[in-house]
Every structure is written in structure tokens, then in C-alpha cells.
Number of protein chains: 4
Amino acid sequence: MPKISDEKRAARRAQILEAAWLCFQKQGLQATTMDDIIRASGLSAGAVYSYYPSKEELIVAAVTTSLIGLQERVEPILRSAPPSPDLFVEKITQAISDFTTRESYDLKRIALLGWSEAQRNERLRETIRGFYLAFRARLADVAVSWCNAGLLRKSASTSDVAKVVLAEILGFVVQSALLGDVEPRDMARGLQDLAAVEVDDGP
Amino acid sequence: MPKISDEKRAARRAQILEAAWLCFQKQGLQATTMDDIIRASGLSAGAVYSYYPSKEELIVAAVTTSLIGLQERVEPILRSAPPSPDLFVEKITQAISDFTTRESYDLKRIALLGWSEAQRNERLRETIRGFYLAFRARLADVAVSWCNAGLLRKSASTSDVAKVVLAEILGFVVQSALLGDVEPRDMARGLQDLAAVEVDDGP
Amino acid sequence: MPKISDEKRAARRAQILEAAWLCFQKQGLQATTMDDIIRASGLSAGAVYSYYPSKEELIVAAVTTSLIGLQERVEPILRSAPPSPDLFVEKITQAISDFTTRESYDLKRIALLGWSEAQRNERLRETIRGFYLAFRARLADVAVSWCNAGLLRKSASTSDVAKVVLAEILGFVVQSALLGDVEPRDMARGLQDLAAVEVDDGP
Amino acid sequence: MPKISDEKRAARRAQILEAAWLCFQKQGLQATTMDDIIRASGLSAGAVYSYYPSKEELIVAAVTTSLIGLQERVEPILRSAPPSPDLFVEKITQAISDFTTRESYDLKRIALLGWSEAQRNERLRETIRGFYLAFRARLADVAVSWCNAGLLRKSASTSDVAKVVLAEILGFVVQSALLGDVEPRDMARGLQDLAAVEVDDGP
DNA sequence: GATGAATGAGTCTTCATTCAT
DNA sequence: AATGAATGAAGACTCATTCAT
């Protein structure tokens, strides 16, 4: 077999990653054996190792690619004129749910696995950290646009709003993965109800 | 008639669980070896196994006990007249943070580990599921009380409000564990800002 | 099984080392698999690894123990009033040969394996180096005693004599291991013949 | 009719062998992987295998070629009127040292590796054995010439003298490879001192 | 002829669990 | 009841060799 083309090579990498995803979400990151992935990929051990030099690399790649895939789906929503917070959260969570449905694996489950793994894998931790920090920065921008649009009072702390919105999105992911009975629409409704709350305004 | 008293037995179990917690949060659930736990507990392998017949049992016990510990701290807040949503979320997240600070282990990290493990461990999954469903039911009760107190409009979906509030709490846990820069007070402020939003009321 | 006695522990280590020796000299250091040693030792993999934490450790132990065994046999010869060089070399090489015959393994073959391995194993290299340097220092002492006894001229370089004597011993080991037809007596005879040489005395 | 000329073919073989030598002396025979050699040679796996059908073949070739190279350098010394034993040994060991210095690899290290490998590789063992036996036969011839020249007494056992001289040469190789502080001149001096020894003549 | 991707048996090592003492 | 040495089935990874292109 002579030199393989770049596309072929990328396809092989994708094929292996796909196999890894399937195994990971079924059995978890650590509990998945390389043999599971090798068998699922249809390749030989040597071939898999020639594309990903270690299990850790495969784990990092699986989680990182998930994050990138998520980013790609969320980006257009962040870019477009963001609607009110409740509809915004609905759109984002819907994008996350859609991702899961369309692709062969569940983004939310991979997310939970990644968070867990991040606690003992510094590289993964930094990758995930960087991703969420960047995402939250984008959410803060969105909060600013809400202020400008008069949806949020001028005195609002956009960084705190971003923290809450991120919490709502991450909390949706957790709840959806563990309980499976939460829909984006539910989030929107609950947020609308909460937005109609009477609050004692802080200082 | 056992040679060892019940209290002694309970104390030993607690000692082992303590050791397991420390190891689990440092290294993760799967990556922690029984030998790690055995050494940390100061007991012999046989002794540990006589109290917990398998590693899985220890994992389930560690996660379950964490959930119970959390419940104990959250219960009084649920019981007491709950304040407005933003202050309520602040109180709950504060209780979670306090738990971490006071005890020798980090509840939030154990939570993430437990969620991840739940995906391949049915027993753990059901335990966690049951816990969060019960917790969410309590949150729905709180939402009802908010309705009654006029803090929430009568038409509010208390179940959806509960979903959102749970998401905010879980999302705080995730964000705090991964990014470490989110305080209960931030959540409260962000929620206040969001509650002052102008929304198109749904039907 | 409760705590094992120190003797028992030492016996087990010896049992494993014995097995390793047999395998090593039959197949070489690298080509011997841990499984070979495990099977030869009659223990389980875990047991072997609990005594020697890695194959490298076992290799170093095997070579080091050989060196120590050799030292023990050679020491009395060094200590006793050394005879003339030819008889001294005969005695030393005889001790090396005897060692091989009496024990279940061939010291000379282990030596060759060790030298080879020393080239890529720094720890082994330093161990072997230290051993031979010490041995050569002892040979220099012997050379001094030969000077004092009038067997060597006063102007003799005892360090060079030590180098030659060590070369003769090591060369005997190589030749004996590879060709198998060299006896200590042959060395003595050859040395006697050479000692009767007419030389142009250097400056 | 081969597509490639014989010279080209020989050049390729030499190129591969050169690469193998470099790897072998750096990492040892077993520890060197075919991939190491392939990369060092700058050729493809298939190409290397078309010239040397197995790793063993390459090992045997590397050792054999070393022996031949050595022979070529030693031959003129054997052929020329050999001086006294001490000067003869100096010349031979000097030739061995020079070989190392001039070529890109260390003959002495390859020698040790070959001896070690010979113990589990019969073919190599026979090659090496044949070489050293032939060399020793030549040394015996030299010993005869010493007798004739009156440098050695008539009663001398030329075969035993050959054994001792070979031991001195091999021992120089070992000592030089492991300790690195032995010069041909040292050997000559030590031998001169030893030749001036007073011995009880054997029968 | 050459290439280098692919193979897969084999390597070292770990670790949950047991059970003789 | 307690101990901790022993077990042995995996697990991650390697590497000599092949063969489709």
C-alpha cells in the first residue's frame, strides 16, 4: 500500500473516532478497552495505533471533537441577533438536542464523560476549561446585546448573567442525560415564568 | 453474636468510605484502585472487602452517601419558607459550596464522577435518577409556594420552573467544578438581572 | 496468608531469580519473556511482580547477583598470599569455572549477557563498571605484592599489570563461553611460556 | 536481468547495513526495531526487506561484516614478521581501536553484542566460533614463529600461548568497551612487566 | 521494483478479588 | 476476625513482516 491520500487518512481517523464515540458512550471512557474500539472500528490494533498513538489521545480527540461539533452548531445562534434569554436558551439547548439526534452519538453523554475525565487529565481539563470560558465570554457578549436591546436593565452584570445562562445550558445537559425528560421548550417556559417574577432589586 | 459491636462496624465502614472519597476525587472512580483505597484506609485488603464486597459497592456507596449528605444540607432550605427564586438558588448553591469547604472532600467533583459512572452502572443510574427526580419534585413544591406567594404568576408551569431551577443548580456545580470561578452570589445577581427581563408572555 | 517471614521472602526472591537465570542464559536477556520466567518460577505473574517490579529489575538483579557471587569466590584468592601471576590467573579462572559447574547456571554466559545489556542500560553499566574497577584495583594491590615479593621488577607499572591480568581473566571468560575449549591450566601454561620471553626492556 | 545493477545493489546493502550498525550499537541488537533501521537507512520497509529478508539476517550480517572488517585490519599484522608478544598485542589492539575511531561505529561494542546474541542464535554462534578458532590458529602460528625466533623457549605450548594472547586481546576489547580507560600502550607495558617475572618453570 | 499502511500475535504489567494461615 | 500474599485474566501497546497499489 503506497502513500495514502490526505482525505483517506482523514476518513480513517474519523472512522476510528466514530468507533471510539460509540464505545465511550456505551461504556464510559476508562471502561472502554482499546480492543473494544479496535473491534468496533473494523481495523487492526496496529492501524488504530498508527492513527491515534494512545488511548488518552483518543479520549482527548473524542471529547475535543465533540466540543468543536457543538461549537459549530451553537455559533450561528450566537452570531444571529439573539432573541430574549428564554428563547435564546431554548435555541441553544435545541441545537444540542438536535446534534444528538442527528449524529450517531449523544453529545450530552460525551460531555458528562469528558467533565469527569477532566478531573484527572490535565490536558483535557485545560481544553474543556478553555472552551467553556470562551463560550461564556460569548454569552456575556450576548448579555450586552440584551442590555442594548433593552431586554436587560442597564445595571445588569453581564458576566453574572452569562454565568447563569451557562449554568442553565449545562444543567439542561446534565438533567437531560441523567433524567431524559427535559425538553428545550420546557426550559423556555420555565424561564418565561421565572422572568415574570417579582424581585426585590439588589443595590 | 458478632465479635464486633455495631458502632465499631459503622465506624469502620465510615473510615473506609472516607478513604474511598479521598481517592475517588483525586483520581476518578475507575482510575482509583482498590489498593489505593486499602492503603488510604489503613486497613487490610481482607478487612475492606469484609465491609464492602466489591469496588462497585464502594463506588455506589460513595456516590449515594454524597447524595444523602447533600440532601441533609438542602432539606432545611427546602423546608423553610423559600425566598424568591434568586435568593433560593443562592442559598442552595451556598449549601453545596459550604459542604465542600467543611468536609474533606469536594461534593461537586464527586457529583461529576457519579454522573459519568451512572452511564455504565445501572444501579448507580437508578439511584441518582431517583434522587434528582425526588429533588425536582421538591423544587416543584417550592415553585407552587412561589405561585402562592405571588412571586410567580398563577399560570406558571411549576414543573418547568423546577426543571429550570434544577438546571441552574446542576449547572452551577458543573461550572464551579470545571472553571472554579462561580460564586453563589454571582448566580443570585445574574438571576435578579434576568428576572427583570421584558418578555413576550407565552400563551 | 498473613505476613510472610523474611526468610520465606528471601527464599521466594531466590526462587524467582533462579528461574530468571535459567531463562536468561538459555534465551538471552531481552529475548526472555516475563512469561518464561513466571512459568519457570512456578509462581503467578502477580507474585513475581510483587517481588521484582519490572523485567529490568530482574535483569539487574540477575547480573548483580552474579557479580556478587563471583566476588565471593574470588575474594579468598585475592586475600591469600597470591602466588606468581600465572598461578594466580589459574586460580581465579578456576574459581570462575567451578562456580559455573557447581551452580545451576553458567556465570560466564551471564557475564557476556550482562556486558551486552550494559550498553543500553545505564544502571547496569554503572554497576558493572563499579564492580570491575574495584576488582582491577584489587588486582593492582596484588601486583604491588608481586613487586614486593620480587616477582615483578620494581619499575613495573602495577596499574598496567592489573589491566593485563584483568584482560586475561575477562578474555578467558569470553573464550570459554564462545569456544568452550579453554581450561585454567591452559592459561597458566601459556602465561608461563610467555613469562620466559626475552623482551627489550622499555625505558 | 535485474532492473538494478549489481553495484547499485551492493551499495544499497551497505547503506542498510550502515544504518543497522548505528542502531545496533546505540540500542543493542534486540532492542533495535526494524523501524529504527528502516528510518535510519532512509529507505522503505519493503526496500529493506528486499535486501535483508529478516531482522536475524541483518544481525548476522552486521556481526559477520564486523568480524571481516576486523580480520582485514589484523591480517597484515599477522602476516608481517610479528615482533615480541607485548608489541604484537599492542599492534593488534591498536588496530582494533583504530578501526573504531576511523569508522562510524564501535567495533568493540558490536563485538560484545554479537557474543551475547551468539548464545541464542546458533548460526551466529557458529560464525563467531569459526572466526575466533581461525584467528586463534593464526595466533598459534605466530607463537611458532616466536619459538623459531628464540623469543619463546622451544618447549612452549604454542596452542596455550595462542589462548592467552587471544584472551588478552578479547579482554582488552571487553575492558575497553566497559571501562573505556585501557590503551594498547598500557597492555604492552603490563605485558613487558609480566614478561620480566621470575617463574618456577613447569615441567 | 518500490512503497508504507496494515496486520495481529505477542509483550509487559496491573489489579479486583480470594483464601490459607 | 483479620491479614496480605497470591492469583490470573485482562489491558495497553509494540513490532516483525506482508502485500495491495
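The chains referred to below are lettered A, B, ... by the order of the sequence lines, with proteins before strands, and numbering in each begins at 1.
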* **C:Ile37 CD1 to E:dT11 P, straight-line distance once rounded to whole Å** => 12 Å
* Is the shortest side-chain N to carboxylate O distance from D:Glu57 to D:Arg123 below 4.0 Å? -> yes
* To do: Starting from P on F:dA2, measure out to CG on B:Leu43 and report it in whole angstrom.
  => 9 Å
* To do: Sort by first number and list every stem of DNA chain E: at least 3 consecutive Watson-Crick or G-U wobble pairs, both distances under 3.5 Å.
  => E:2-21 with F:2-21
* Could you check D:Gln30 against C:Arg9 and say which one's nearest nucleotide on DNA chain F is further toward the 5' end? => C:Arg9
* **Considering all heavy atoms, the nearest B:Gly28-B:Thr32 contact** => O-OG1, 2.7 Å
* Roughly, in whole Å, what's the span from CZ in B:Arg12 to C1' in F:dT3? -> 12 Å
* Length of the line joining D:Arg39:CZ and E:dG4:P, which is rounded to integer Å -> 13 Å
* Asked: Side chains of B:Gln119 and A:Arg109: is there a donor and an acceptor less than 3.5 Å apart?
  -> yes
* Could you give the CG-to-P distance, from C:Asp35 to F:dA9, as a whole number of Å? -> 12 Å
* So which of residues 49-63 of chain A are in contact with DNA chain F, with a heavy-atom cut-off of under 4.0 Å? -> A:Tyr49, A:Ser54, A:Lys55
* Asked: Short question: side chain of D:Ser116, backbone of D:Leu112 - any donor-acceptor pair under 3.5 Å?
  -> no
* Check the distance between E:dG10's P and A:Met34's CE and give it to me in whole angstrom. => 20 Å
* Keeping the roles fixed (side chain from A:Ser41, backbone from A:Ile38), state whether a donor-acceptor pair exists under 3.5 Å. => yes
* **Heavy-atom side-chain proximity of B:Ile68 to B:Phe131 below 4.5 angstrom** => no
* If you check every side-chain atom of B:Thr33, which of E:dA5, E:dC15, E:dA6 has the closest atom? -> E:dC15
* Asked: With A:Val48, which of A:Gln15, A:Arg12, A:Met34 fulfils side chain to side chain contact (heavy atoms under 4.5 Å, CB included)?
  -> A:Met34
* Asked: Checking all strands, does C:Ser5 fall into the base, sugar-phosphate, or nothing category for heavy-atom contacts under 4.0 angstrom?
  -> nothing
* To do: Let me know the distance between CG of C:Asp6 and P of F:dG4, rounded to the nearest Å.
  => 14 Å
* Can you check whether A:Ile128 reaches B:Leu178 side chain to side chain, under 4.5 Å on heavy atoms? -> yes
* To do: Using only heavy-atom distances, determine whether the side chains of D:Gln30 and D:Glu117 contain a donor-acceptor pair under 3.5 Å.
  => yes
